[in-house]
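Owing to the predicted nature of the structure, the values given are computational and were not obtained by experimental measurement.
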Number of protein chains: 2
Amino acid sequence: MADKKKFTIYDLAKKLGYSPSTISRALNDHPTISKKTTKFIKAAAKEAGYRPNSIAASLRSSRSNTIGIMISRINRPFISSLISGVEECARQAGYSVIISQSNDKYDNEVNNAKVLRDSQISGLIVSLAMETEDYDHFQQFVDMGIPIVFVDRVPKSFPSYHVVIDNYAAGFKATQHLIDQGCKRIAHFAGAQHRNVYAERKEGYIDALKAAKLPVDESLIYLFDTLSSEEGEKATQELLSLENPPDGIFSANDTAAVSAIIYAKKVGVNIPKDLAIIGFNDDPMASIVDPALSTITHPAIKMGEIAARRVLEHTTDNHDSSISEVTILNTEVLVRKSSLKSKVDKPVEQL
Amino acid sequence: MADKKKFTIYDLAKKLGYSPSTISRALNDHPTISKKTTKFIKAAAKEAGYRPNSIAASLRSSRSNTIGIMISRINRPFISSLISGVEECARQAGYSVIISQSNDKYDNEVNNAKVLRDSQISGLIVSLAMETEDYDHFQQFVDMGIPIVFVDRVPKSFPSYHVVIDNYAAGFKATQHLIDQGCKRIAHFAGAQHRNVYAERKEGYIDALKAAKLPVDESLIYLFDTLSSEEGEKATQELLSLENPPDGIFSANDTAAVSAIIYAKKVGVNIPKDLAIIGFNDDPMASIVDPALSTITHPAIKMGEIAARRVLEHTTDNHDSSISEVTILNTEVLVRKSSLKSKVDKPVEQL
DNA sequence: TCAATAATCGCAATCGGTTTCGGATATTTA
DNA sequence: TAAATATCCGAAACCGATTGCGATTATTGA
């Protein structure tokens, strides 16, 4: 109840016999204020329990020390780790993080963009909605000089920062791994092909097959909307009832891969002997399913950190926002039991 | 690059021949402005592409339309779902959500509280850090009239809104279920006992045993710090090497329960025949592990929604912040294979 | 010692809405 | 018709910090 009168720099100024401007500059380490008074004022501010009003500061300086995040859904392992990385990095630099989820809907994304545009964010970190195919709603940020960092699911062409993994290489490696294990007929669970990550993973898959002189059978490639467990199960069912079923599956995410494992087990197909499976992302469930799912590891938290750092760098160094800067992070094949037919490949993760 | 001059209500006022005050009121549906001019001004505003500066509004009115969230870590299934619920509800009401994670450290929590206090949030939603045992750092919000909604991990006594599940009842039900399955010697993996949720679940466990006239064996109760999979595995190892091992485990979270399943399987203990296991939370991994983990379901997203609604209600209805209002949500026993010894209990979830 | 330069600091405008107070016009009542 | 009340709107202060510019004082150089 006791609502203390707000203590502003004016109050502090009066108390110390300085002007508000001096107080403000001192608290912000402005070089034009002597070290001595700066130290004195800071001490007095702390002593008096002064709390800056960041809203007022934002209004005047039109900088908000807030980073906006736009993602599909928070409660997905990769996304939440990504956000976690952003938040950690942002907070250490004195920035706040404000989030908005699109539920993979284009309309929501457009709307969220409007809201964020009006809240004076100093940078935007985006992982695109599944549906999104045009990027006009991001132009307004460019116009306002707000840096955009696209992460993982990035637009085809839009001058901005990108933080991604090499999906092509990862797709290639995953497929290559199955080939190394002796698979001759490898199916692929792909996602929406207008989304870079899924298109690139598929490219890698196809090229790996070609490099190994294996035929590319289009009927083994499933183009899913969401790569859900339902889709994965259904596709596995279809694949296993083929007269010439595949001996390997590379799924573009773990959810579908796990459902494949579970379904295959249910119908008595031996994994990995009859069917080797590798997923993508290393979601927690990948290590829990039995046999444990081989997968591609994503440095999710690190991607978030880097994305946040791009924003921070941009605002401090005053970069040119018309340039594009792409950061590509490493992925690794994490071999577990779901794909380990031979013993000579890579070491199995200890469980 | 083209940084359009900002278009303010002053510009609009000049253009329309009204005063800024009228524009402001019209845009906010103030009753003192006639319906007609309100409609006219709104149309003109949209037409002119006027965008309100929410920072300026916040400064003057000291309301920010922002809800702050303090949680342990974002990338945990329960937490991310909780946030998802908050965000969804908040956005629909025109509020933004700003998050901060404590990593379960008390010091971080205190710090985050300071930051949020200075950012003029209109409400705070908190799930306490594991370490936290005093709540002084929340008093400042009460002093400022900012409503606090504690969710799930709530303080022992602090006048505020609480949104929780009945942990006692859930613990009782979980244990009762194991008893119903014929378990006579049930171990319990508990969390830090100063955290309400774990203490209450343990109480429920103990009382269920007592109600069934089963002995309470303290040596079967593990008090963990974090309920990690490492802790779960180690405890399971110890329990299984007892000369009189338990025939059931009720774990206060799924992580430890799953590790128990995996370890037991590894050493050839049959689940559920020799050892029935039930967890808590219904994390995604619970349905993936084999045998699938019975567990207690948490309405995480709904808890987030309700928490957000409490904040919204409070700010609109201008509640008295000294009262305490507790919302208790339902939990359910979700029976899967890890605990299903008999067939006559409850229906097994289809996989 | 006096002018020139540097180091410090204050004044006041500013950011863009919100809100109090009161004025002007319209409507109702006596 | 005059007075009373409603209705609608404008002037200006205000929220609390930031910052360009000018003033003052201290330091340096000749």
Judged by modelled atom types alone, do [X] and [Y] share a side-chain donor-acceptor pair under 3.5 Å?
X	Y	value
A:Ser84	B:Arg73	yes
B:Thr132	B:Glu109	yes
A:Arg310	A:Thr327	yes
B:Arg76	B:Ser72	yes
B:Asp134	B:Tyr106	yes

Between [X] and [N], is there a side-chain N or O to OP1/OP2 distance below 4.0 Å?
X	N	answer
B:Ser34	D:dC9	yes
A:Ser24	D:dG16	no
B:Ser19	D:dG10	yes
A:Tyr10	D:dC14	no
A:Asn28	D:dT18	yes
B:Ser54	C:dG17	no
B:Arg63	C:dT19	yes

Answer with yes or no whether [X] presents, from its side chain, a donor or acceptor under 3.5 Å of a partner atom in the base of [N].
X	N	answer
A:Ser21	C:dC11	yes
A:Arg60	D:dG20	no
B:Arg25	D:dT7	no

Looking across every strand, which nucleic acid part, if any, lies under 4.0 Å from B:Thr37 by heavy atom: base, sugar-phosphate, or nothing?
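Sugar-phosphate, no base atom in range.
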
For A:Thr32, report the nucleic acid contact type (base, sugar-phosphate, nothing); a contact means any heavy atom under 4.0 Å.
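Here A:Thr32 touches the bases of the nucleic acid.
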
Rounded off to whole Å, could you give me the [atom1]-to-[atom2] distance for the [X] and [N] pair?
X	N	atom1	atom2	value
A:Tyr50	D:dG16	OH	P	10 Å
B:Leu12	C:dG17	CG	P	10 Å
A:Asn53	D:dC14	CG	P	17 Å
A:Tyr18	D:dT19	OH	C1'	19 Å
B:Ile9	C:dT14	CD1	P	17 Å
B:Leu59	D:dA13	CG	P	17 Å
A:Ile33	D:dT25	CD1	P	16 Å
B:Asn65	C:dT18	CG	P	10 Å

Give me the ring orientation class for A:Phe158 and A:Tyr135: parallel if the planes are under 30° apart, tilted from 30 to 60°, perpendicular past 60°.
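Perpendicular.
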
Please compare A:Thr22 and B:Thr22 by the position of their nearest nucleotide in DNA chain D and report the one closer to 5'.
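By nearest-heavy-atom nucleotide position, the 5'-most residue is B:Thr22.
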
